[in-house]
Amino acid sequence: MFDIGFIDISIWDILDVLIVGYLIFRIYNLLKGSIAFNIFIGVVTLYLIWALVGQLEMELLSVLLDQLVSVGVIVLIIIFQPEVRRFLLLVGRSTLNQRPGFLQRILDRNFQPAGEKEELLEIIENSLLNFKKSKTGALIVFSGGMDTDPIVQTGVRLNANLSQALLESIFIKNSPLHDGAVIISNNQIIAASCILPLTAETNLPYQVGLRHRAAVGVTERLAVSAFIVSEETGKISYANSGKLVRGVKEKDLRALLKQYIQ
C-alpha cells in the first residue's frame, strides 16, 4: 500500500491492527470493574516476563515459565469462563441482530403479527408505568427466543396468556409470587418467582439492589433483556448484555421495549 522507511505496509496490515485493537477494546469492556480484570493484568505481566526471560536466555527460569505458559490457554478458559461466555454471546447476538428482516421471519418460529406485538408492548408499558407510580418492585425478563428452562425451573411455571391484570397481580407485595423474576416469551408469562444469577460486577452504583444485580447477571449469561422497577424510588431501569441503564424516561419506554422485547 505504502512504505514508511524500510517497513512495507499493506491494507491487510492496517486491517490486522484495527481488528486486534477492536478485540482488545471489547475484552477491556467485558473485564473492567471486575476481579477478572486484575487476573488478566497478572496474566499479561507473566507473559511479558516470560518473553523477557527468553530474550535474556535465563534457562532455569525460562523452563519454569514455559510450563506455565504451555497450559496457559486451558487455565485462562477455566478462570475466565463467564467472560468467555459473555464474549461469545456478544458476537453471536450481534450476528443474529444483523439478519435481514425477511430471513428472520422465516427462521423465527414464534413470529407474531404486528397487531399482537403492539398489544404486548402496550400491556407491558402500562404495567411498568403503574409499577412506577405505586413504587412496586418488579423484575421482568424477556426471553428473546432463548431457552430459559434452567431459570424457569427455579420458579413457578405458569404458561399463562399475558394480560395486564395478571402481570400486575404477580408483583403485588403480598402475592406469593412477587419475590423473584417473571419470564415472558412472546405473549405468554412462562414462569414467575424465578431466581436469577447475581452479577459479580463491582462497577455498579452502590444504590442498586438485588433486583438490578440479578437483571445484570442473567443478561451476562443469556441473550435476554430485563426491565426493573425499583421498590425504593419507582424508577424504571433495564439491563442488556450485562449493562445496566437506570432511570428510563416514560417517553423512551415504548421504544426501548420495542427494541429489546423483539
Side-chain angles (χ1 to χ4, degrees), residues 29-34 82 86 89-90 93-94 97 117 120-146 148 151-152 154-155 162 164 166-173 175 177-185 189-262:
N29 281 339
L30 285 173
L31 298 180
K32 69 177 181 179
S34 66
R86 286 171 60 187
L89 177 61
L90 180 65
R93 185 192 304 228
S94 300
N97 285 342
K117 288 185 177 179
L120 170 66
L121 290 170
E122 185 173 357
I123 289 173
I124 296 171
E125 180 184 24
N126 291 339
S127 298
L128 288 174
L129 292 178
N130 286 339
F131 292 148
K132 178 179 181 180
K133 291 175 185 176
S134 61
K135 291 187 178 180
T136 300
L139 174 53
I140 304 174
V141 176
F142 301 102
S143 70
M146 285 289 296
T148 55
I151 296 174
V152 169
T154 66
L162 177 65
Q164 185 173 336
L166 176 58
L167 184 58
E168 292 185 15
S169 67
I170 289 174
F171 288 108
I172 293 176
K173 192 160 188 177
S175 165
L177 299 179
H178 84 282
D179 193 13
V182 161
I183 311 298
I184 292 179
S185 179
I189 298 178
I190 305 300
S193 194
C194 296
I195 301 173
L196 305 183
L198 298 180
T199 180
E201 179 68 54
T202 59
N203 205 29
L204 292 175
Y206 70 91
Q207 302 96 332
V208 301
L210 290 180
R211 280 194 182 94
H212 294 79
R213 292 188 175 276
V216 174
V218 72
T219 61
E220 287 175 342
R221 291 162 175 78
L222 297 173
V224 298
S225 303
F227 280 75
I228 316 101
V229 180
S230 171
E231 189 173 351
E232 289 75 23
T233 65
K235 289 183 178 180
I236 300 174
S237 307
Y238 72 92
N240 185 265
S241 300
K243 304 298 180 183
L244 178 68
V245 177
R246 303 171 65 208
V248 176
K249 297 180 180 178
E250 292 187 19
K251 64 182 180 66
D252 300 326
L253 183 57
R254 173 62 72 97
L256 285 171
L257 288 171
K258 194 169 186 179
Q259 176 183 354
Y260 288 115
I261 289 178
Q262 299 178 12

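These numbers come from a predicted model, not from an experiment.
- With contacts defined as side-chain heavy-atom distances shorter than 4.5 Å, the pair I124/F142 qualifies.
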- Message: Please evaluate residues V141 and T148 with respect to the criterion side chain to side chain contact (heavy atoms under 4.5 Å, CB included), reporting the C-alpha separation (whole Å), side-chain torsions for both, the decisive distance (0.1 Å), and the verdict.
- Response: CA-CA 10 Å; V141 176; T148 55; 5.6 Å; no
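- Considering every non-hydrogen atom in both A191 and V152, the closest pair reads CB-CG1, 3.7 Å.
- Expressed to the nearest 0.5 Å, how far OG of S241 lies from CG of L222 amounts to 11.5 Å.
- Taking the side chain as every heavy atom from C-beta outward, E125 and E250 never approach each other to under 4.5 Å.
- Here the shortest heavy-atom pairing between I170 and A192 reads CG2-CB, 4.1 Å.
- Among all heavy-atom pairs drawn from S169 and L166, the shortest one is OG-O, 2.7 Å.
- Rounding to the nearest 0.5 Å gives a distance of 6.5 Å between NZ of K133 and CG of L129.
- Residues I151 and V224 form no side-chain contact, since every pair of their non-hydrogen atoms from C-beta on lies 4.5 Å or further apart.
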- After noting the C-alpha distance and the side-chain angles of V216 and E220, does the key distance pass the side chain to side chain contact (heavy atoms under 4.5 Å, CB included) rule? CA-CA 6 Å; V216 174; E220 287 175 342; 3.8 Å; yes
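- Take F131 and apply the ring-ring contact (aromatic ring centres under 6.0 Å, His included) test, not counting sequence neighbours, and it matches F171.
- Residues L167 and I140 meet the side-chain proximity criterion, which asks for heavy atoms closer than 4.5 Å.
- Side-chain atoms of S193 come within 3.5 Å of backbone atoms of D179 as a donor-acceptor pair (strictly under, hydrogens ignored).
- You'll find the side chain of S230 reaches within 4.5 Å of the side chain of H212, heavy atoms only.
- Note that OG1 of T154 and CG of L196 are 6.5 Å apart. Values are rounded to the nearest 0.5 Å.
- Minimum interatomic distance between N240 and S225 (heavy atoms only, all atoms of both residues): ND2-OG, 2.8 Å.
- Counting non-hydrogen atoms of other residues, nucleotides and ligands closer than 6.0 Å to CG of L204 gives a total above 12.
- Closest approach of V248 to L256, counting heavy atoms only: CG1-CD1, 3.4 Å.
- Taking the side chain as every heavy atom from C-beta outward, V229 and T136 never approach each other to under 4.5 Å.
- Counting heavy atoms from C-beta on, the side chains of I228 and V208 never come closer than 4.5 Å.
- Taking OG of S127 as the reference point, atom NZ of K132 lies at 14.5 Å (rounded to 0.5 Å).
- One finds the NZ atom of K135 at 10.5 Å from the NZ atom of K235 (value rounded to the nearest 0.5 Å).
- Across N130 and E168, no two heavy atoms sit closer than the pair ND2-OE2, 2.8 Å.
- A distance of 12.0 Å separates CD1 of I123 from CG of L128, quoted to the nearest 0.5 Å.
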